[in-house]
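The structure appears below as structure tokens.
Proteins get letters first, then strands, A, B, ... in listed order; numbering begins at 1 in each. The figures here come from the full heavy-atom set of this structure, side chains too, leaving out hydrogens, waters and symmetry mates.
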Amino acid sequence: MRADIRTATEGFTEWLGQTTNPVAVDTETTGLDIYSPGFDVRLVQFGDRDVAYVLDAKRDRALIQEAFTFGRSWVLHNAPFDLLALDRAGLADLEQLEGHVFDTRIMAHLLDPRTEAEGGTGHSLKRLAQVWVDDTASDGQTELNEVFRKNGWKQAEGWAKIDIDHPTYLHYAGMDVILTRRLFDELKPTVLGIGAGHLLQFELHLMQLLCRMQRKGMKVDVDYTRSLHSRLQVEATEYEAMAEHFGVEKIGSGKQVAEALLAMGEELTEQTPSGAWKVDRAVLLPMADLDNGWNRLGLREPNPLADAVLRAKRAEKWSVAYTGAFLDLKDENDRLHPWVNSLQARTARMSVSRPPLQQLPSSDYMIRRSFIADEGQVMIAADYSQIEMRVLAALSQDEAMTEAILSGVDLHDYTAEKLFGPDFTKAQRKLAKGVGFGKVYGGGAETLSRQTGTGIGDVRRAIQAYDETFRGIKRYSQGLQESAQWGKREVVTRVGRHLPLDRDRVYAATNYVVQSTARDVLAQAVVDLYDKGLGDYLLLPIHDEILGQAPEAEAEEIVHEIKKVMERDFDGIPLLSDAEVYGRTWAHGYGYSEEGQ
DNA sequence: ACGACGCGCCAC
DNA sequence: AAACGTGGCGCGTCGT
């Protein structure tokens with residue numbers, strides 16, 4: 001494969017003026033945390049199929065800035081990282097490139113959303129280039145790692161420490177853009193070939209909007225977070241000491257915990273897939289005489305070790321994964337800019353990482369209290385109610401479920417009445433609800449029986465009654481699986497997304513379509529909100545919810561506008577949004593109030 | 001020292 | 001007939 005890697009600037013402008021679109025772009029930086037102190041862009045590369053210019057971000061700063069004003073189209077692999085890095089370093093604004101950017105990672109995801117572990121190609125440039133461009137393609141990563149290793153640098157250090165003119169580094173940098181452009185040339189017609197051209201445009205647009213959200217970030221209440229962080233650390237240390245008293249030196253070692261509990265005369269019954277004793281939360285809580293909400297059950301004498309391990313683990317997790325991460329990752333203005341991957345899961349669900357803000361504890365508001373609206377603003381949120389059940393009703397066009405939803409009655413009450421009659425008990429409603437979730441998640445009788453503590457026979461009868469009540473859902477689910485059996489082993493969603501199914505898990509088809517369609521509803525809502533000029537109020541997408549902030553005086557009005565934009569009809573099923581003004585902090589949406597503290 | 005993996009736990 | 005879905009990420013352990 002021809003690869004002409006040029007490190008001098010001679011001829012760059014002429015080349016850029018005459019090469020074909022899109023021009024591949026990549027950056028090499030000091031690290032991954034764009035908003036941490038000390039972050040810098042070191043190299044910026046431009047390339048086409050055969051030629052790469054590897055420019056020094058400092059030496060060639062003006063030339064790079066000028067290049068981005070050329071009004072070309074660009075292609076990047078995993079564009080958000082480089083777009084935000086370029087923006088942060090003042091080399092190119094997000095807005096400047098918006099609408100002119102392709103992302104080969106997004107294109108690859110549309111063609112096969114599976115990771116390597118799931119049997120797909122995965123979405124790393126190296127693997128994709130091997131599959132689509134040249135099976136001997138090497139991006140030079142292995143050689144670069146070797147240089148890092150020989151110098152005694154850890155992975156994360158190498159990127160900042162390697163000499164900017166190290167030949168291995170420059171080769172790696174140059175190959176990246178050449179492979180990206182070559183990959184683009186293969187992926188583009190293939191994406192169009194499966195009829196996903198419109199979907200690609202949509203995803204590229206969405207990705208760039210989420211980049212804006214990420215760049216803005218969210219304000220951390222640093223004083224509060226520091227104080228909570230140390231409180232959690234103290235708590236973890238205290239409970240770790242108690243555990244040690246019972247012979248457990250490392251609370252994270254399931255082996256030690258299990259052995260100590262057995263020595264205390266406790267009985268363990270559940271095992272992990274590899275045969276070890278299971279000592280997770282579900283096992284330890286009852287042993288500590290606690291329910292799921294950590295309240296005393298009063299059923300037995302609490303085991304002090306089980307109690308200490310539970311509390312130490314929680315305090316440890318919360319301080320390391322949350323408060324500690326918030327403090328580590330915030331920028332110099334105390335703002336956090338989490339990574340938002342607009343197209344992540346097999347079902348296209350988005351993910352948020354560094355830190356994982358989509359999964360902060362919701363049973364207690366203390367962690368969410370770390371996030372505070374900007375001066376004069378309040379946090380707001382709007383979520384779709386029962387989005388997955390409603391999407392399932394719409395897709396299946398089930399008559400009974402449509403009737404229930406349109407009548408406005410509580411769906412689980414309706415289901416319980418159909419299953420058990422008008423005098424259904426609380427436990428029966430819970431079971432009815434569980435059966436409904438089972439349809440969305442693909443769960444079976446065994447699982448539901450275990451979860452609800454209902455006998456397997458009763459559960460089977462409930463599922464059967466459910467299928468008879470909601471015949472359309474059963475029919476829809478079977479239809480998906482049958483067509484996947486006959487044709488290609490995949491389901492295609494309403495927006496034309498191809499979701500591959502695993503051979504032995506074809507039953508997951510219903511879940512995939514529902515989860516994916518619900519994701520696309522939220523994604524479309526994000527685009528619509530920006531179109532209506534409400535984008536500046538948004539902070540973060542959370543699967544079926546959008547978190548935002550707005551000036552206090554207008555917050556009610558703005559959140560109402562957001563709700564209205566989100567709400568829509570989906571094949572006769574109304575998708576409704578619950579909108580709420582939280583208050584100064586994220587915790588205000590979870591029962592926190594200043595006065596109460 | 002580093003990576004892979006098992007396990008666990010946080011969310012929707 | 002039956003089959004619980006999607007993530008992020010830290011710790012401990014074990015192999016290289």
* **Neighbour count >12 (heavy atoms, 6.0 Å) for atom CZ, A/Phe437** => no
Using a heavy-atom cut-off of 4.0 Å across all strands, would you classify [X] as base, sugar-phosphate, or nothing?
X	result
A/Arg460	sugar-phosphate
A/Arg149	nothing
A/Glu249	nothing
A/Gln451	base
A/Ala445	sugar-phosphate
A/Val440	nothing

Does a side-chain N or O from [X] land closer than 4.0 Å to OP1 or OP2 of [N], or not?
X	N	result
A/Tyr507	C/dG5	yes
A/Thr447	C/dC4	yes
A/Arg519	C/dG7	no
A/Ser253	C/dT13	yes

Rounded distance (Å) that lies between atom [atom2] of [N] and atom [atom1] of [X]:
X	N	atom1	atom2	answer
A/Gln481	C/dC4	CD	C1'	14 Å
A/Glu146	B/dC2	CD	C1'	13 Å
A/Gln344	C/dG5	CD	P	18 Å
A/Arg450	C/dA3	CZ	C1'	12 Å
A/Asp504	C/dC4	CG	P	12 Å
A/Arg505	C/dT6	CZ	C1'	10 Å
A/Asn341	C/dC9	CG	P	11 Å
A/Leu499	C/dG5	CG	P	15 Å

* Asked: Which nucleotides of nucleotides 7-12 of chain B have their base under 4.0 Å from a protein heavy atom (B), which only their sugar-phosphate (S), and which neither (-), written as one string 5' to 3'?
  -> SSBBSB
* To do: Let me know, please, whether A/Glu118 or A/Lys250 comes out on the 5' side of the other along DNA chain C by nearest nucleotide.
  => A/Glu118
* Structure fact -> The answer to which of A/Arg354 and A/Ile251 contacts DNA chain C further toward the 5' end, by nearest nucleotide, is A/Arg354
* C1' gap between B/dC12 and C/dC4, integer Å -> 14 Å
Would you say the side-chain atoms of [X] and [Y] include a donor-acceptor pair closer than 3.5 Å?
X	Y	answer
A/Arg105	A/Asn341	yes
A/His77	A/Asp103	no
A/Ser370	A/Thr225	yes
A/Asp528	A/Gln524	yes

* For the residue pair A/Phe470 and A/Tyr466, is the inter-centroid distance of their aromatic rings smaller than 6.0 Å? -> yes
* Structure fact -> Correct closest heavy-atom pair for A/Lys430 and A/Gln451 would be NZ-O, 4.5 Å
* To do: Evaluate the criterion salt bridge (Lys or Arg N to Asp or Glu O under 4.0 Å) for residue pair A/Asp502 and A/Arg346; output intermediate values, then yes/no.
  => CA-CA 11 Å; A/Asp502 299 334; A/Arg346 185 191 302 213; 3.1 Å; yes
